[in-house]
Amino acid sequence: MAAALIANLLYSTGFVLEKRALTAMPSVSVRNPARLLRQVLGSPLWIGGSLALAAGFGAQLAVYRTLPIAAAQGIFVSGLVLLLLLSSVLLGERTSGRERYAVGGILIALLMVVLSLSEDSDTVGHGAPVPLILTVCLPSLAAGVWLYGSAERRARHRHRMPTAGVEYGVAVGLLYGVSSLAIKGVSSYLTTEDIGGAIGDLLRSPYPYLLLFTGAFGLIMSQAALQRCRASLIVPVCTTVTSLFTAVLGTLAFGEALPHEPVRLTLRIAGTVLAVSVLLAMPKHDAASPRPSTAPKELTSG
């Protein structure tokens with residue numbers, strides 16, 4: 001629990017610092033990743049944010065060693081409240097009433113998932129069949145990259161309303177969902193005995209390579225998306241997709257059984273359905289800024 005709360009703090013701080021750094025930079029683009037990397041690596045503030053996120057991943061490894069996947073995701077997403085507070089104070093972002101209700105709905109959904117857990121009957125999975133992991137992860141990576149490219153193409157049309165970032169958040173959330181499963185897989189190889197053998201087994205697994213792919217593409221995609229969209233919207237969407245992806249598919253892949261009791265099973269399923277429904281209902285566009293009137297002013301005499 002302590003590691004999960006620390007991860008929440010690190011993630012929220014990291015995203016807000018990166019967003020603040022990106023706001024002061026020239027426009028970044030996924031089409032020129034080398035230029036993007038040069039820009040972000042030249043910003044001490046951005047580097048501080050990325051170090052906070054890296055430390056959050058480290059805390060996440062410890063969480064997955066001791067908590068079921070669904071419980072871990074429930075705690076991680078509760079950090080959205082802290083993110084909204086930081087984005088309001090440090091970034092000056094204002095959320096709409098609809099978005100605040102949406103975040104409240106997400107927190108209620110995750111509370112339902114957490115209430116469905118039982119320390120006595122829930123087990124922590126420590127392994128998953130490689131073919132199953134690849135069957136889950138590879139199509140998800142392809143879908144995330146395709147969705148991001150589709151959002152980029154739509155954003156280039158001048159006459160479209162400004163995007164709020166939902167499409168970007170879903171795309172990056174899919175990549176981070178795969179990354180989360182890979183972190184869960186890596187955690188199963190952590191041991192204090194026969195470290196050399198454990199490293200060899202890890203390198204023969206797909207997890208390090210999934211982390212490399214999601215780390216590289218997730219970095220480039222998330223930075224461009226953060227610069228264009230409000231952190232207070234894109235990060236909750238991304239986090240929700242990541243958590244649902246990890247909780248549902250990770251639970252199945254790593255053999256962490258669903259509750260047998262009717263009440264707990266209902267809570268877990270209802271919480272998942274509520275979170276998906278809230279995600280689908282979130283606004284897809286920011287309100288366009290009012291244009292100044294170009295009509296000539298009337299002359300008055302007096």
Side-chain angles (χ1 to χ4, degrees), residues 2-30 32-63 72-73 75-95 99-100 103 106-107 148 162-166 168-173 175-177 179-180 183 211-212 214-243 286:
L5 294 174
I6 291 172
N8 277 348
L9 176 62
L10 291 168
Y11 281 137
S12 298
T13 302
F15 277 122
V16 168
L17 290 178
E18 286 189 348
K19 170 64 177 179
R20 183 155 187 154
L22 287 162
T23 302
M25 293 181 193
S27 178
V28 299
S29 172
V30 294
N32 194 342
R35 179 173 176 268
L36 185 152
L37 289 175
R38 285 196 302 271
Q39 288 180 223
V40 297
L41 292 176
S43 168
L45 187 61
W46 185 91
I47 292 175
S50 64
L51 290 176
L53 291 176
F57 279 118
Q60 197 173 1
L61 279 172
V63 174
Q73 296 308 310
I75 298 171
F76 288 148
V77 180
S78 65
L80 292 176
V81 176
L82 176 61
L83 173 76
L84 289 178
L85 177 62
L86 290 176
S87 64
S88 175
V89 173
L90 299 180
L91 302 177
E93 294 183 352
R94 293 185 178 181
T95 56
E99 290 165 356
R100 287 192 291 272
V103 172
I106 290 171
L107 293 177
Y148 192 95
T163 179
V166 173
Y168 289 117
V170 172
V172 177
L175 262 71
Y176 284 168
S179 178
S180 190
I183 292 173
L211 279 176
L212 285 174
T214 55
F217 278 79
L219 170 66
I220 294 170
M221 291 163 58
S222 63
Q223 299 315 299
L226 267 177
Q227 189 181 61
R228 294 171 191 160
C229 311
R230 285 183 291 119
S232 55
L233 188 136
I234 191 172
V235 176
V237 172
C238 174
T239 304
T240 302
V241 172
T242 298
S243 296
D286 276 334

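The minimum heavy-atom distance between V172 and C238, with the atom names listed, is CG1-SG, 3.9 Å. Taking each heavy atom of A59 and A7 in turn, the nearest pair found is CB-CB, 3.8 Å. Residues V40 and W46 come closest through the heavy atom pair O-CE3, 3.4 Å. Contact between S179 and F57 at its shortest, heavy atoms only, is OG-CE2, 4.1 Å.
Between the OG1 atom of T13 and the CG atom of L51 there is a distance of 12.5 Å, given to the nearest 0.5 Å. Here the NZ atom belonging to K19 is positioned 12.5 Å from the CG atom belonging to L45, to the nearest 0.5 angstrom. In this structure, CG in L36 is found 6.5 Å from CD in Q223, a value given to the nearest 0.5 Å. Atom-to-atom distance recorded for L17:CG and I47:CD1 is 12.0 Å, nearest 0.5 angstrom. Atom OG of S50 is separated from atom CG of L41 by 7.5 Å, given to the nearest 0.5 angstrom.
Residues passing the side-chain hydrogen bond (donor to acceptor under 3.5 Å, both in side chains) test with Y11 are Q60, sequence neighbours excluded. For R35, the side-chain hydrogen bond (donor to acceptor under 3.5 Å, both in side chains) partners two or more places apart in sequence, or in a different chain, are Q39.
Between the T214 side chain and the Y176 main chain, no donor and acceptor come within less than 3.5 Å of each other.
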